[in-house]
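Since the structure comes first, as C-alpha cells, the remarks are kept for the end.
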Amino acid sequence: KLAEPPYLEAVDWSRWHVFWADERVVPKDHADSNYKLAMDEFLSKVPVPANQVYAMNDALSVEGAADDYENCLKQLIKNGVIAVSPVTGFPKFDLMLLGMGPDGHIASLFPGHPIVNENQKLVTCVKDSPKPPPERITFTFPVINSSAHIALMVTGAGKAGAVHKALSGNESSSDLLPVEMVEPQDGEMTWFTDKPAMSMLSRI
C-alpha cells in the first residue's frame with residue numbers, strides 16, 4: 001500500500017533510511033536474499049534515495065559481513081543519522097519490522113542458539129542456522145529492544161503454538177522463545193496477526 005496513492009505521493013521518502021534486521025549471506029540477486037525481496041516488492045517502487053538503503057556487503061565472509069554492517073551503523077550514529085536510546089545506549093531505530101517463525105525465532109535469533117544472549121555487539125552472525133541458508137547476519141536483542149516501535153507480523157496456523165506460548169503468560173525464564181525476549185526498553189511493540197495464528201489462545 002505504501003507504494004500506491006495516496007501514500008506514494010504523501011510520504012517524504014527523502015527522510016527514509018532502510019536497514020535489514022537480518023540478512024542471509026547470499027548474493028543480492030539470490031532467491032534467498034532479503035534485500036532482493038524488499039527491492040523487488042517495495043523499494044524499487046518508491047523513491048527512497050539509493051544511498052539511504054543499506055544492504056549487506058555480499059562480497060564478504062559471514063563474519064566480515066556482520067562486522068561491516070555493525071561499523072556502518074556506528075558511523076551513521078556518529079553522523080547523527082541513527083539516534084541512540086538514552087535508556088539502553090544502543091541504536092534507536094524508529095521502526096523495527098519483524099516476523100516470527102513457527103519455532104518462535106525472530107530476525108535470525110533462533111531458540112537455544114548462543115547468540116540470543118549476545119549483549120555487546122550490534123550485529124552478529126550465524127553460521128549454523130537451523131533453517132537454510134545456514135549463514136546469516138542479524139541485529140542483536142539490545143538493538144531490537146531499543147527500537148521506538150516494533151511491529152511484529154505473525155500470521156498462519158503454523159505459528160499458533162509459538163503465539164500461545166508467547167502470549168499465554170506461563171513462560172519461565174529458562175525456556176523463553178526468542179519472540180518472548182522482544183521487550184522494548186524505550187518504545188512499544190504491536191502485534192499484527194490473524195485468527196489462525198491466534199487459534200490456540202482461549203480468548204481472542
Side-chain angles (χ1 to χ4, degrees), residues 1-2 18-24 32 34 37-38 41-42 66 69 73 83-204:
K1 293 292 185 182
L2 281 170
V18 180
F19 302 84
W20 277 261
D22 75 320
E23 179 58 284
R24 290 84 176 266
D32 289 332
N34 287 334
L37 178 64
E41 299 296 328
F42 176 54
Y69 213 68
L73 299 187
V84 172
S85 166
V87 174
T88 68
F90 280 85
K92 183 173 183 175
F93 287 91
D94 296 313
L95 173 65
M96 189 82 65
L97 177 61
L98 298 173
M100 184 194 78
D103 60 355
H105 85 267
I106 53 101
S108 283
L109 299 164
F110 291 92
H113 198 286
I115 66 167
V116 301
N117 300 311
E118 174 59 55
N119 61 13
Q120 300 296 319
K121 293 180 179 179
L122 309 183
V123 182
T124 190
C125 65
V126 183
K127 296 182 181 178
D128 55 352
S129 165
K131 181 180 175 184
E135 293 191 335
R136 299 154 177 250
I137 69 171
T138 183
F139 283 177
T140 59
F141 271 116
V143 174
I144 290 169
N145 285 332
S146 296
S147 304
H149 299 275
I150 296 174
L152 183 61
M153 178 69 70
V154 182
T155 60
K159 314 287 179 71
V163 170
H164 178 264
K165 184 175 186 307
L167 297 181
S168 62
N170 299 323
E171 72 275 0
S172 67
S173 58
S174 62
D175 66 342
L176 288 177
L177 297 175
V179 71
E180 296 175 272
M181 299 168 70
V182 181
E183 295 182 346
Q185 302 299 299
D186 190 21
E188 59 185 31
M189 177 167 68
T190 304
W191 287 68
F192 294 89
T193 185
D194 61 5
K195 285 187 176 181
M198 304 288 280
S199 61
M200 291 178 65
L201 295 178
S202 58
R203 294 181 303 278
I204 299 179

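- Checked against salt bridge (Lys or Arg N to Asp or Glu O under 4.0 Å), Lys131 has no partners two or more places apart in sequence or in another chain.
- Interatomic distance, CG of Asn117 versus OG1 of Thr124, reported as 11.5 Å (0.5 Å rounding).
- A distance-only check finds no donor-acceptor pair linking the side chain of Glu135 to the backbone of Pro133 [under 3.5 Å].
- Note: Met200 CE to Leu167 CG = 12.0 Å, rounded to the nearest 0.5 Å.
- Taking the side chain as every heavy atom from C-beta outward, Thr190 and His149 never approach each other to under 4.5 Å.
- Summarising the geometry, atom CD1 belonging to Ile106 is positioned 8.0 Å from atom CD1 belonging to Ile150; distances are rounded to the nearest 0.5 Å.
- The side chain to side chain donor-acceptor pair (under 3.5 Å) search around Ser129 returns Arg136, not counting sequence neighbours.
- Here salt bridge (Lys or Arg N to Asp or Glu O under 4.0 Å) pairs that include residues 151-160, with residues two or more places apart or in two chains, number zero.
- The side chain to side chain contact (heavy atoms under 4.5 Å, CB included) test applied to Asn119 returns Pro142, not counting sequence neighbours.
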Could you list the donor-acceptor pairs under 3.5 angstrom formed between side-chain atoms of residues 89-102 and any protein atom two or more places apart in sequence or on another chain?
| residue | atom | partner | partner atom | Å |
| --- | --- | --- | --- | --- |
| Lys92 | NZ | Asp186 | O | 3.2 |
| Lys92 | NZ | Asp186 | OD2 | 2.9 |

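- Ile115 approaches Ser108 most closely through the heavy-atom pair CD1-O, 3.7 Å.
- Side-chain contact between Val123 and Leu73: present, with at least one pair of heavy atoms (C-beta onward) separated by less than 4.5 Å.
- Taking both residues in full, the closest heavy atoms of Val116 and Phe141 are given as O-CD1, 3.4 Å, listed atom of the first, atom of the second, then distance.
- Scanning for side chain to side chain contact (heavy atoms under 4.5 Å, CB included) contacts around Leu2 gives Tyr7, Val11, Trp13, Trp16, Phe42, with sequence neighbours left out.
- Pro111 approaches His105 most closely through the heavy-atom pair CD-CB, 3.9 Å.
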Next item on the list: For Val154 and Val163, run side chain to side chain contact (heavy atoms under 4.5 Å, CB included): C-alpha distance rounded to whole Å, both residues' side-chain angles, the deciding distance at 0.1 Å, then the answer.
Entry: CA-CA 8 Å; Val154 182; Val163 170; 3.6 Å; yes
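- Remark: Glu41 pairs with no residue by the side chain to side chain donor-acceptor pair (under 3.5 Å) rule, at least two apart or across chains.
- In this structure, the side chain to side chain contact (heavy atoms under 4.5 Å, CB included) partners of Met153, at least two apart in sequence or on a different chain, are Thr155, Phe192.
- Side chain of Asp194 to main chain of Gly156: a donor-acceptor pair is present (N/O by atom type, distance under 3.5 Å, no hydrogens or angles).
- In this structure, the side chains of Leu122 and Phe139 stay at 4.5 Å or more apart for every pair of heavy atoms.
- Not counting sequence neighbours, the partners of Asn34 by the side chain to side chain contact (heavy atoms under 4.5 Å, CB included) test are Trp20, Asp22, Glu23, Arg24.
- Under the side chain to side chain donor-acceptor pair (under 3.5 Å) criterion, the residue pairs touching residues 138-147 are Thr88-Ser146, with sequence neighbours excluded.
- Listed by first and then second residue, the salt bridge (Lys or Arg N to Asp or Glu O under 4.0 Å) pairs involving residues 98-124 amount to none (not counting sequence neighbours).
- Nearest heavy atom pair, residue Lys165 against residue Leu176, reads NZ-CA, 4.2 Å.
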